[in-house]
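Read the structure below first, then the notes.
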Amino acid sequence: MIKRLSVLLFALALVAAACGDDSGDSATTTTTGDGQATTTTADGATPTTTGGDTGQGGGTLAAVKARGVLNCGVSTGAVAFTEIQPDGSATGIDADYCRALAAAVLGDSEAVVFFPTTAAERFDVLKAGQVDVLFRNTTWTASRDTDVGLDFGPTTYYDGQGLMGPSNRFSSDSGPADVDGAILCTNAGTTTEKNIREWASLGGASISLETVENFSEAMDAFIAGRCDLVTTDASGLVGEKISRELSGEIEVDEWVVFPTSPISKEPLGPAYRQNDSEWGDVVNWTVYSTFIAFEKGMNSTNVDELRAAAGTDDGDPEIARMFGDASPEIMAALGLDADAFYNVISQVGSYDEIFDRNLNPVGLFREGGLNDLWTEGGLIYAPPFR
Amino acid sequence: MAVTVQKHERPPIWRNTTILKWTAQIAFLFGFLAIVAVVVPQVQDNLAGRDITFGWDWLTSELGFLIREGIDTDPATGARTMLVGMVNTLRVTISGVIAATIIGTIIGIARLSNNWIVNKLATVYIETIRNVPLLLQMFFWSAIAGTFVVLDPFDPDTLEAGKYWVAATSKGIGLAWIQPWGGFYQWMIWVLIGAVLGYFLHRRQFRIKEETGRETYPNLSAFGVILVFAIIGWFAHPIFGFVGTIVEAIGNLVGAIPTFALQVVLAVGAIAVGIWWINRFLDERRTPAGLAKLTDDDWFRMITAGVVAVGFAAFFLIVSGFSAKTLDVGEDFFSRWLAPKFDSTTNVADITIDDIQAQVAAGLSLEQIAAEQELRINADLLGLSGADLDAAVAARTPAIRIYENLPEKPDERLTFIPAHKLVEGLTAGVADNLNTLVENDGITPTELATELRLIQDRADNPLRWSRAEVQIRGSNFLDLSPTSGINITPGFFAVWIAVTLYTGAFIAEIVRAGILAVSKGQTEAAGALGLTRAQSLRFIILPQAFRIIFPPLGNQYLNLFKNTSLGIAVAFSEIVSVGFTTSNQTGQTLPVILFWMGFYLSGSLILSAVVNFYNRRLQLVER
Ligand SMILES: N[C@@H](CCC(=O)N[C@@H](CS)C(=O)NCC(=O)O)C(=O)O
């Protein structure tokens, strides 16, 4: 609520603002952290700082550097994507990509403040300048790219929407006819709520949709019988199911996720304010660097070894370029330190490392799927680094 | 010696108060406009710089998300989406205001009770409720709603499909309710006649009581008359069947009025009201010694009134669409809406019971049958025929959606058979198998048609109990029927009960304070006059207390109205919740915020206007 209010106040303050400044130097007013500790705030206890106030179509990179800490928008809690830990830190693939970006820009993967956002408020929080980037299970769509006024980076997880219900009623090949007359729960402000309406009406099913603020509330409502099914990105459903099975809250396969082929395309990746290509390049190439590392078989343990080998005559020149050892002018043009991407790989890891660490425990694997390397039939592909 | 006569000179312009005042006003106005002119482009720049777009296209475009409850769960446009949210907010506000007033009054009086337990219980209620944040209370009630029995067709221990007086389920709470039935509108005529007679009787009895001091029971006799008419009407309502013809005639008459005539009448009316207002204004300033001197302010008001009146007149004359629409709506109301309510039977759809049975046997749900009928009845209007029509039926496209996408909307309106009308009144399980009902239960097709509301028998009782119904929907899901009894969703329940109890606590304190504020001398004087305790409360204390209670009560109603905006936290689809989703889906944050502000502002202003109006009337009584 507090965050939402501050967005509201911010919007009103805009109305009162006498003149805009393009310099973005107001970011120095931030009061959070010393750039070392990872401060994580639970929803509702967001620091009252307005973060880097850098909306004016540019300057995010300079603002983040000046501030010494990255303000990263994550979700309020999505299994294996962003899990806010009791000690205040955050784990998950989205949280790790926040760290990777901090490592690239600031040289320190822990120089991140996580801002948990609900799906409905995330774009306002981003556009108001409270966060520098969103890693928040955000689907790249045409209208968000245009109307809503965002830009998107490379997809870090190729997902698709699914439904989940009790397995005594549904199976993995249940379809629209099986959900006719049901009440479904999901969280508001998502592609989910639009997809499900389309899917149901095309399939001739009439459904009711109960929308809540956070997906965890949707799960609560589902468990309490307020709705018959839940629906969201399949990764989220599988995550909720497996983690509950592991904790013994439900029996194994008490719930089933369906249909086997998802009802929509949900490419999830970073989103940032539009018309800031300097910042966009940094975010994109940070993600690509993890892809390239994946391609080269690098990870946080062998990176030093491979970097040293790349320096030799028969070494891999692309690795040398990416780590700023050869053609450092690319890194300079990006506005980053020469070893920015070395920091990413050594401190956070390659794509496969990040993926496996976070998603394998909840039963999500990249092997043979869309999230595998392009050479393995997947869609993970980075442009050449040269 | 010349005497210099001090001539009364007009002061120079720069010291003439009239001119100074007017100049100041005008300068202020221009200053304000100038600020607006500077600020608006600046704001636009800032917004553009932050990629915060600003526009109203979303009001007419399709947003594509479903809403859990409301007048339209699949709204076709952004404007309609917001309308659904607004109606939901008003629904919970109005029912909350009524309930909070009742609870507040009872608790407020209980607080003054001499009974120790009653007194303390009331105190505990007030102190607890007032000191716990409203949001937490909503979460609490939402959690309570989460403990209600889960509807699961595979679980023999939960509620089965069927009718219930009360059904508290995880998908909502169903309560039995009184529902208008066959002869309702004929009966209402009886009740109306009773009410008019009762009013005059009340006036007469009251006058006699005032004049003679004799007890004439004005309230009781008025109520008695209404009751007598209601009872007679219960049995005799069919005699008013002929009213339908009259209503029809009125409708035709309204339809026959040329638009231009209404325009002229409205314009003349606006001018007349303006003249009347100015006249009254002058009258008030007329003393026996002639017209009092008019101040600048008086002039200003009179000119404003004149300008507004002329403005309205011009609007009515220029915008013919307004008058045309008014006539349309009027005609529709009488001919299409009211007149059929008196017909002895109404065939809503061109479909026989056999057809329905055949379709049900073929596996169609009643909703599907209704949707198809809706398309077929409106086929001409929608410009559908042959293959197009069949395709639309097969795709189950709702008629309203096709209508809304028509490039040019015909003058005529859609005829709806809302799907629920078809299902309404059916016993549980019947929706699945009409044949069984007809064969096994020996129900005649006419009875069935009546139940389905394809035919409405005006000879039926005016009212009937409509019990809550747990019904089977679609592919074997249990849910509360939206049309049997009242159906309260968990979201509505949590918001409604929380704002009711919360505001009720404040109202209780206001009631208590109001009663205590009437000076003790009044009670003693009443006692001295020989009034009993009840009489003194009824005639002396409460009338005075009410005058004190009323203004702060209005504030509490305003608070309640605004507090419903917390409903988003418990998944109630009120205006804020619906607006948030809209702003996220369209990126139009500021317009949505402005929309909210406009809605809450006008809602609050209307509410306080009503409260002020009654307050002024109460004050008049005092003189
Ligand atoms: N990918 C979709 C849905 C994103 C979404 O909200 N996913 C859920 C479930 S995986 C979530 O992140 N919930 C966490 C929260 O509500 O904060 C979108 O971008 O609209």
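Bear in mind that the values here come from a model prediction, so they are computed numbers and not experimental data. Each chain gets a letter, A, B and so on, in the order the sequences are listed, and its residues count up from 1. FYI, side chains are in, hydrogens and waters are out, and symmetry mates aren't considered; it's all heavy atoms of this structure.
For the residue pair A:Arg197 and B:Asp74, the shortest heavy atom distance occurs at NE-OD1, 2.7 Å. Looking at every heavy atom in both residues, B:Asn584 comes nearest to A:Phe123 through ND2-CD1, 3.3 Å. Across every non-hydrogen atom of A:Ala188 and B:Thr581, the tightest pair is CB-OG1, 3.6 Å. When all heavy atoms are compared, the tightest approach of B:Val150 to A:Gly225 is CG1-CA, 4.1 Å.
When the shell of 6.0 Å around CZ of B:Phe154 is examined, it contains more than 12 heavy atoms from other residues, nucleotides or ligands. For B:Glu160, the CD atom counts as loosely surrounded, since its 6.0 Å shell holds 12 or fewer non-hydrogen atoms of other residues, nucleotides or ligands.
Contacts between B:Val40 and chain A at a heavy-atom distance below 4.5 Å are absent for every atom of the residue. In this structure, the portions of B:Asn476 lying under 4.5 Å from any heavy atom of chain A include both its backbone and its side chain. Heavy-atom distances place no part of A:Thr192 under 4.5 Å from chain B, backbone and side chain included. For B:Thr586, the part sitting under 4.5 Å from any heavy atom of chain A is the backbone (N, CA, C, O) and nothing else. With a 4.5 angstrom heavy-atom cutoff, A:Ile196 does not touch chain B via any of its atoms. Of the atoms belonging to A:Ala182, heavy atoms from both backbone and side chain fall under 4.5 Å from chain B. Neither the backbone nor the side chain of A:Glu198 comes within contact range of chain B; no heavy atoms are under 4.5 Å apart. Interface remark: A:Ala221 contributes no atoms to any contact with chain B (heavy atom separation under 4.5 Å). Of the atoms belonging to B:Ser583, it is side-chain heavy atoms, and not backbone ones, that fall under 4.5 Å from chain A.
With respect to B:Glu62 and A:Lys194, no salt bridge is recorded, no charged nitrogen being found less than 4.0 Å from a carboxylate O. B:Asp152 has no carboxylate O lying under 4.0 Å from a charged side-chain N of A:Arg169, or vice versa, which leaves the two without a salt bridge.
For the atom pair A:Thr118 OG1 and B:Phe580 CZ, the distance stands at 7.5 Å (nearest 0.5 Å). A distance of 10.0 Å separates CD in B:Glu69 from OG in A:Ser208, rounded to the nearest 0.5 Å.
Residue with the most contacts toward chain B among A:Leu150, A:Asp178, A:Val212, A:Ile207: A:Asp178 (heavy-atom pairs, distance under 4.5 Å). Most heavy-atom pairs under 4.5 Å with chain B, from the set A:Ala119, A:Pro166, A:Ala224: that is A:Ala224.
In this structure, A:Arg226 is not positioned above the aromatic face of B:Phe148 in the sense of NZ or CZ being under 6.0 Å from the six-membered ring centre and within 45° of the axis.
Taking the side chain as every heavy atom from C-beta outward, B:Lys171 and A:Asp228 approach each other to under 4.5 Å. When side chains are defined from C-beta on, A:Ile183 counts as touching B:Asp479, because their heavy atoms get closer than 4.5 Å. A 4.5 Å side-chain heavy-atom check between B:Leu66 and A:Glu193 finds every atom pair outside the cut-off.
B:Gln585 places a side-chain N or O within 3.5 Å of a backbone atom of A:Thr190 that can act as its donor or acceptor partner.
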- prompt: Hey, mind stepping through A:Leu209 and B:Phe65 against side-chain contact (heavy atoms from CB on, under 4.5 Å) and telling me if it holds?
  reply: CA-CA 9 Å; A:Leu209 191 66; B:Phe65 59 88; 5.6 Å; no

